[in-house]
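So that the names make sense, note that chain A is the first sequence line, chain B the second, and so on, each numbered from 1. Values below: all heavy atoms of this structure, side chains included; hydrogens, waters and symmetry mates excluded.
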Amino acid sequence: MDEQQRFYITTAIDYPNSRPHIGTAFEKIGADVQARFRRMEGAAVHFLMGNDENTIKVTIRARELGQDPKAYVDEMARQFQEVWSALEISNDDFIQTSEERHHVGCRKFIQAVFDAGDIYKGVYSGHYCVGCESFKTEKEVAEGNGRCPNHPNAELSMVEEENYYFRLSAYRDRLLAFYSANPDFIRPESRRNEIVSLVETELRDVAISRKGFTWGIPVPFDPEHTIYVWFDALLNYVTAAGYGTDEARFERTWPADVHVIGKDITRFHCALWPAMLMSAGVPLPRKVFGHGFVYRKNEESGEVAKIGKSMGNVVEPMDLINDFSAEAFRYYFMSQCPFSGDGEFSFERFADAYNSGLANNLGNLYSRILTMCLKYFGGDLGEVGEVDLTAWRRGLDLPALVETLRDRVGAFDYTTALQRIWLEVVDAANKYIQETQPFKLAKTDLEATRVVLANLADWMRVTAILIKPFLPKTAETFHRAFNFESHQPWEAVSYGSASRPYSAGQPLRVAAPVVEGKPTPLFPKVEAR
RNA sequence: GCCGGGGUAGCUCAGUUGGUCAGAGCGGCGGUCUCAUAAUCCGCAGGUCUGGGGUUCGAGUCCCCACCCCGGUACCA
């Protein structure tokens, strides 16, 4: 028996200081599409997400609320997962770095690095900002006129403390050799170039511990210190896979096939992280994908700005989900915002994309096809075994398109994939109806009408498969609109099976829910705001 | 400052190794069908491809200069 291909995918873990916004959601959806696609390709997918909880801000916030830090992070984790669940994110695991499994794995890992001789004690002194929970560089201090640029109302304090350092500088040559041997390690290309030139220029050792905190993970060889920020956070990818707690599971899960992260933290994942793993003797992940950001476009001024609480332009995912749907949410970001670059959000653009792509095309097709089947055949198209079900796609090389789509989706190029599905597959159905005019045929030639509708049913089957990673709910609704389940179970469909027409030896009939003889509209059209 | 990526129709963007490359989608305008969520389908876009030089038989597509935008420049969603 062949060993099933495994695919381990992760997203960045989030700070639970505030609720997730649409930019955070963008990353999770992009990773989710990949996870769902790989499952369809037959891989045993393990999809990890989580929260980064061992930060000083957590204890501060918890104290403000009069809560225990652990109770606070647990509640935030619940709220995050509530949003992810509403967005149909199909993660298999969700790690909180305050969990015991993470603590245990972290201690084992840092000890291994220590034993390898890559950790030494040094003194760090610098301008410390409590708000950022970090030391500021001289340049940043200058930028903020003596204060932290991000927290101009707070005083910076000069702090000097003993810290443990990780000998990152020693890994410069090994990292460069690794990049060169694995040209696809950093995606997209632009990020790779930045990192390579960064590492070529200079690689400094980094402080990895802090003194005097009780929240966080104690350094095993010096309990007065706790493990600091990145060293701790990055390790979630291995601790969640069982490192230090379940070695057997770790062996069969690690290495990760891809870390999906924001472009702002590329260097930690592409330089620091591989060096840490090399030091501890753990295999390196196969790929890091740094996605772009979603900016908020102001409807009136047309100005584009970063999303943030201080900007007052945060868009709550739940608001969009409630006003439209999770499917609409996913469709907008995956079709309008290139995953490798930046995208923008405005309610106007959202409504335009929704009306055009979902209401007028996909949803409307669902309605018109089902209505005709119900109206002319009572929903039962009868046996279609001898009917040519490829008539709707004459002029379209579906197998070739499917190959292109596999390539594009696999490379995180979602906007191109969706564009081609809509342009070549969805449009094909509208044009096929226009050419064959089944609503006229029904008056004179029922058999010919039946052939057309059976073709449109097969279009629905094909479309369901192609959009499954992007719009899982809509895809399933399409699949179950007819009795395709008896031909191919929904869980078993793959891109490769899209081109093989329906051929079950039983009547093809409508199975969609019907109210007063009509299907319920999938995507009601909305007025542009 | 240095490094990198860009400036193409109202908007978002495609444009391989230079020669139907002046395009797509959306919006807008006109027409059409009626199964459908006033949806679909058909037709219409006269954009100096940021500006100026240059190479070439021929340049959004290569070289130089200028202007503008964006990212990175180390421990920052």
Side-chain angles (χ1 to χ4, degrees), chain A residues 12-15 17-18 20-21 23-24 27 52 124 126 129 132-137 139-140 148-150 166 168 188-208 228-231 261-268 271-272 292-293 297 302 304 306-309 335-338 341-344 346 348-349 352-353 355-376 415-416 419 422-423 427 429-435 437-442 449 452-453 456 518-526 528:
Chain A
I13 51 177
D14 299 303
Y15 289 131
N17 319 320
S18 58
H21 63 239
T24 326
E27 170 176 303
D52 184 6
Y124 188 95
C129 171
C132 295
E133 194 187 333
S134 68
F135 288 98
K136 301 278 105 179
T137 61
K139 188 183 169 187
E140 286 173 314
C148 169
N150 301 326
F166 171 59
L168 178 59
E189 190 71 25
S190 53
R191 297 293 143 207
R192 175 190 154 81
N193 294 339
E194 283 173 15
I195 296 300
V196 170
S197 76
L198 187 76
V199 173
E200 276 175 344
T201 306
E202 194 190 3
L203 211 51
R204 271 184 240 145
D205 292 347
V206 294
I208 58 165
Y228 175 53
V229 202
W230 284 105
F231 207 89
I261 58 160
K263 63 181 184 181
D264 55 327
I265 53 177
T266 316
R267 64 164 167 268
F268 302 111
L272 175 58
F293 285 152
K297 185 172 188 178
V304 175
K306 230 173 165 175
I307 296 173
K309 270 186 298 188
S335 69
Q336 306 296 307
C337 306
D342 294 334
E344 60 184 51
S346 74
E348 189 181 346
R349 271 197 68 175
D352 283 349
N355 282 336
S356 168
L358 297 180
N360 294 350
N361 281 296
L362 204 62
N364 188 46
L365 270 167
Y366 171 87
S367 295
R368 62 196 306 209
I369 291 169
L370 292 183
T371 300
M372 285 191 279
C373 288
L374 293 164
K375 200 165 176 178
Y376 308 139
T415 51
T416 299
Q419 188 174 43
W422 255 251
L423 234 44
D427 281 5
N430 272 322
K431 286 176 180 160
Y432 179 66
I433 294 175
Q434 186 63 29
E435 285 161 15
Q437 310 231 318
F439 39 86
K440 268 188 183 164
L441 272 182
T449 310
V452 169
L453 292 180
L456 290 169
K518 306 194 78 170
T520 309
L522 257 34
F523 301 102
K525 196 165 178 177
V526 300

* Can any side-chain N or O of A/Gln336 pair as donor or acceptor with the backbone N or O of A/Glu344 at less than 3.5 Å? -> no
* To do: Return the 5'-most residue of the pair A/Tyr15, A/Arg204 with respect to RNA chain B, ranking by each residue's nearest nucleotide.
  => A/Arg204
* Distance, C1' atom - from B/U17 to B/C62, rounded to whole angstrom -> 12 Å
* In whole angstrom, give me the gap between the P atoms of B/C49 and B/U37. => 46 Å
* **Sugar-phosphate only, base, or nothing, as touched by A/Leu370 at under 4.0 Å among non-hydrogen atoms** => nothing
I'd like a table of atom pairs between the protein and nucleotides 32-39 of chain B - only N or O on both sides, under 3.5 Å - with the distance next to each one.
| unit_1 | atom_1 | unit_2 | atom_2 | d |
| --- | --- | --- | --- | --- |
| B/C35 | O2 | A/Arg368 | NE | 3.0 |
| B/C35 | N3 | A/Arg368 | NE | 3.4 |
| B/C35 | N3 | A/Arg368 | NH2 | 2.5 |
| B/C35 | N4 | A/Arg368 | NH2 | 3.1 |
| B/A36 | O2' | A/Asn364 | OD1 | 2.4 |
| B/A36 | N1 | A/Arg368 | NH2 | 3.3 |
| B/A36 | N3 | A/Asn364 | ND2 | 3.2 |
| B/A36 | N3 | A/Arg368 | NE | 3.2 |
| B/U37 | OP1 | A/Lys518 | NZ | 3.3 |
| B/U37 | O2 | A/Phe523 | O | 3.2 |
| B/U37 | O2 | A/Lys525 | N | 3.1 |
| B/U37 | N3 | A/Phe523 | O | 2.8 |
| B/U37 | O4 | A/Gly363 | O | 3.0 |
| B/U37 | O4 | A/Leu522 | N | 3.3 |
| B/U37 | O4 | A/Phe523 | N | 3.3 |
| B/A39 | OP1 | A/Lys525 | NZ | 2.6 |
| B/A39 | O5' | A/Lys525 | NZ | 2.9 |
| B/A39 | O2' | A/Asn360 | O | 2.7 |
| B/A39 | O2' | A/Asn364 | ND2 | 2.6 |

* Asked: How should the glycosidic conformation of B/G60 be described, syn or anti, under the criterion that syn lies within 90° of 0?
  -> syn
* In whole angstrom, what separates A/Lys431's NZ from B/C41's P? -> 7 Å
* To do: Just call it for A/Ala442: base, sugar-phosphate, or nothing, with non-hydrogen atoms closer than 4.0 Å on any strand.
  => nothing
* Heavy-atom pair with the smallest gap, counting every atom of A/Pro438 and A/Ile433 -> CD-O, 3.5 Å
* To do: Would you kindly give the CD-to-C1' distance between A/Glu194 and B/C70, to the nearest whole Å?
  => 11 Å
* Structure fact -> In terms of heavy-atom contacts, A/Leu362 and A/Trp422 come closest through CD2-CZ2, 3.8 Å
* To do: Using modelled atom types only, decide if a donor and an acceptor are shared between the side chain of A/Ser356 and the backbone of A/Ala353 within a distance under 3.5 Å.
  => no
* Interatomic distance at P, B/U61 relative to B/U55, whole Å -> 15 Å
* To do: Both distances under 3.5 Å, Watson-Crick or G-U wobble: on that basis, could you give the dot-bracket string for RNA chain B, with [ ] for crossing pairs and | for other-strand partners?
  => (((((((..((((.........)))).((((.........)))).....(((((.......))))))))))))....
* Provide, to the nearest angstrom, the distance between the CG atom belonging to A/Asp342 and the P atom belonging to B/A77. => 17 Å
* Side-chain contact, heavy-atom cut-off 4.5 Å: A/Thr371 with A/Pro519? -> yes
* Structure fact -> Separation of B/G15 atom P from A/Gln419 atom CD, nearest Å, is 10 Å
* Whole-Å gap separating P (B/C3) and CD1 (A/Ile195) -> 18 Å
* Asked: Distance between the C1' atoms of B/G6 and B/C26, in whole angstroms?
  -> 23 Å
* Distance between the C1' atoms of B/U50 and B/C3, in whole angstroms? -> 23 Å
* Rounded to the nearest angstrom, tell me the gap between atom CD in A/Glu200 and atom C1' in B/G4. => 13 Å
* To do: Provide, to the nearest angstrom, the distance between the OH atom belonging to A/Tyr228 and the C1' atom belonging to B/C76.
  => 10 Å
* Asked: Mind checking the P distance from B/U34 to B/G19? Whole angstroms is fine.
  -> 47 Å
* Kindly say whether A/Tyr432 contributes a backbone atom to a donor-acceptor pair with the side chain of A/Glu435 at under 3.5 angstrom? => no
* Rounded distance in Å between the P positions of B/G54 and B/U16 -> 25 Å
* Indicate yes or no for a side-chain donor-acceptor contact from A/Asn355 to the backbone of A/Asn360 under 3.5 Å, with no hydrogens or angles considered. => no
* Asked: Whole-Å distance between B/G72 C1' and A/Asp264 CG?
  -> 12 Å
* Asked: For atom C1', what is the distance between B/G7 and B/G15, given to the nearest Å?
  -> 15 Å
* **Check: A/Tyr376 and A/Phe439 side chains under 4.5 Å, non-hydrogen atoms** => yes
* To do: With heavy atoms under 4.0 Å as the rule, sort A/Asp52 into base, sugar-phosphate or nothing.
  => nothing
* Asked: Just by distance, do the side chain of A/Asp342 and the backbone of A/Phe293 share a donor-acceptor pair under 3.5 Å?
  -> yes
* Determine the minimum heavy-atom distance between A/Ala429 and A/Leu456, stating which atoms define it. => O-CD2, 4.2 Å
* Asked: Does A/Asp205 reach the main-chain N or O of A/Leu168 with its side chain, forming a donor-acceptor pair under 3.5 Å?
  -> yes
